[in-house]
S.K.: 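Quick one: this structure, given as structure tokens, is what I'll be asking you about.
By convention in this document, chain letters (A, B, ...) are assigned in the order of the sequence lines, proteins followed by strands, and residues within each chain are numbered from 1. Note that these values count all heavy atoms, side chains included, but never hydrogens, waters or copies made by symmetry.
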Protein chains: 2
Amino acid sequence: MTALEMSTRHGETCPLDTTLNILNGKWKSIILCRLMNHELRYSELLRSLPGCTRRMLSLQLLQLEHDQIIKKEIDSSFIPIKTSYHLTELGQSLVPIIQAMDNWGANYIKTLNKKKSSNAIVR
Amino acid sequence: MTALEMSTRHGETCPLDTTLNILNGKWKSIILCRLMNHELRYSELLRSLPGCTRRMLSLQLLQLEHDQIIKKEIDSSFIPIKTSYHLTELGQSLVPIIQAMDNWGANYIKTLNKKKSSNAIVR
DNA sequence: CGGGATCCCCCCAGATACTG
DNA sequence: CAGTATCTGGGGGGATCCCG
């Protein structure tokens, strides 16, 4: 089921939910981070995601592909075959949002840490 | 467990993950949408979220509160007591991101629909 | 190398009942 | 009114094996 179908099955479509459904997934956001600058092969992605199983990587990649955020390229002229993944145009258009969320997250973390240390002083 | 703790327990902290952990949750995004413009009471929120159980609403509100995105106000001078929820400053700072994600989602949906109809013509 | 199929466990969330 | 407590099942995800 695509992110779009997920967010439209309840009657009214909430575009925000569609976006979150696309990014929602244990490894999707970090996968997109990895693919932001250059394409990567399956095994390269796997190695760059400590703790991610092959099953999970495949599932997450499949969903991102169904949502047309990434595209798979297969080079079967060699054995063993090589596959690589890269962002589609739609995926590229998501990059600014991802960066904005990353920036916001960094600021959020800083703010919380600041609060914590000032609380420590009060104590 | 807060969104920050969730995203830091694996060693390296990914701010993007922190942000997504905050928004990640079946009802959180739509709750934030409801609270974007004005505070709301618990029962008002519940009524504005068809399909959301009281249990789920309580859990989601609790998490958003722990992440310091929203704040609960209790007026116990009356019986029955009245509680209301509103965005914190941190929560307010998230609004532009939410709107950007909403806009992107709307465009995404349009793009997919356009593709689908052009495919229909080809067929 | 790059997956898919299968089994299985645990946790999330729904239903229901109770409370200050 | 504004929540908690308890029980329960269904699905997400890990482990393992298989395949082109």
S.K.: Round to the nearest Å and state the distance from L49(B) atom CG to dG3(D) atom C1'.
M.R.: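 My rounded result for the distance is 16 Å.
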
S.K.: Quick check on dG3(C): is either OP1 or OP2 less than 4.0 Å from any side-chain nitrogen or oxygen of Y85(A)?
M.R.: yes

S.K.: Between Y42(A) and R54(A) (side chain of the first, backbone of the second, donor and acceptor by atom type, cut-off under 3.5 Å), is there such a pair?
M.R.: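 Yes, the answer is positive, given that a donor and an acceptor are paired below the 3.5 Å cut-off.
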
S.K.: Keeping the roles fixed (side chain from E73(A), backbone from S84(A)), state whether a donor-acceptor pair exists under 3.5 Å.
M.R.: no

S.K.: Kindly work out whether a path of hydrophobic side-chain contacts (I/L/V/M/F/W/Y, heavy atoms less than 4.5 Å apart) joins L87(A) to L62(A).
M.R.: no

S.K.: So, do L59(B) and W27(B) sit near enough that their side-chain heavy atoms are less than 4.5 Å apart?
M.R.: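 No, side chains not in contact.
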
S.K.: Could you encode protein contacts along nucleotides 14-20 of chain C as a string, one character per nucleotide from 5' to 3', using B for base contact, S for sugar-phosphate-only contact and - for no contact, with a heavy-atom cut-off of under 4.0 Å?
M.R.: BB-B---

S.K.: Could you tell me if the side chain of Y108(B) sits less than 4.5 Å from the side chain of L94(A), heavy atoms only?
M.R.: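 Answer no - side chains too far apart.
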
S.K.: Using side-chain heavy atoms (C-beta onward) and a distance below 4.5 Å, is L64(B) in contact with L32(B)?
M.R.: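 They are in side-chain contact.
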
S.K.: Within this structure, what is the CG-to-C1' distance between L46(B) and dA2(D), rounded to whole angstrom?
M.R.: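 Spelled out: CG on L46(B) to C1' on dA2(D) is 10 Å.
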
S.K.: Can you establish whether the number of heavy atoms outside Q92(A) located under 6.0 Å from its atom CD is more than 12?
M.R.: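 Above 12, so yes.
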
S.K.: Which heavy atom of C52(A) sits nearest a heavy atom of L57(A), and at what distance?
M.R.: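 Looks like SG-N, 3.7 Å.
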
S.K.: Can you measure L57(A) atom CG to dG12(D) atom P for me and round it to whole angstrom units?
M.R.: 18 Å

S.K.: Counting only heavy atoms and a strict 4.0 angstrom limit, can you tell me which residues of residues 58-75 of chain B come near DNA chain C?
M.R.: none

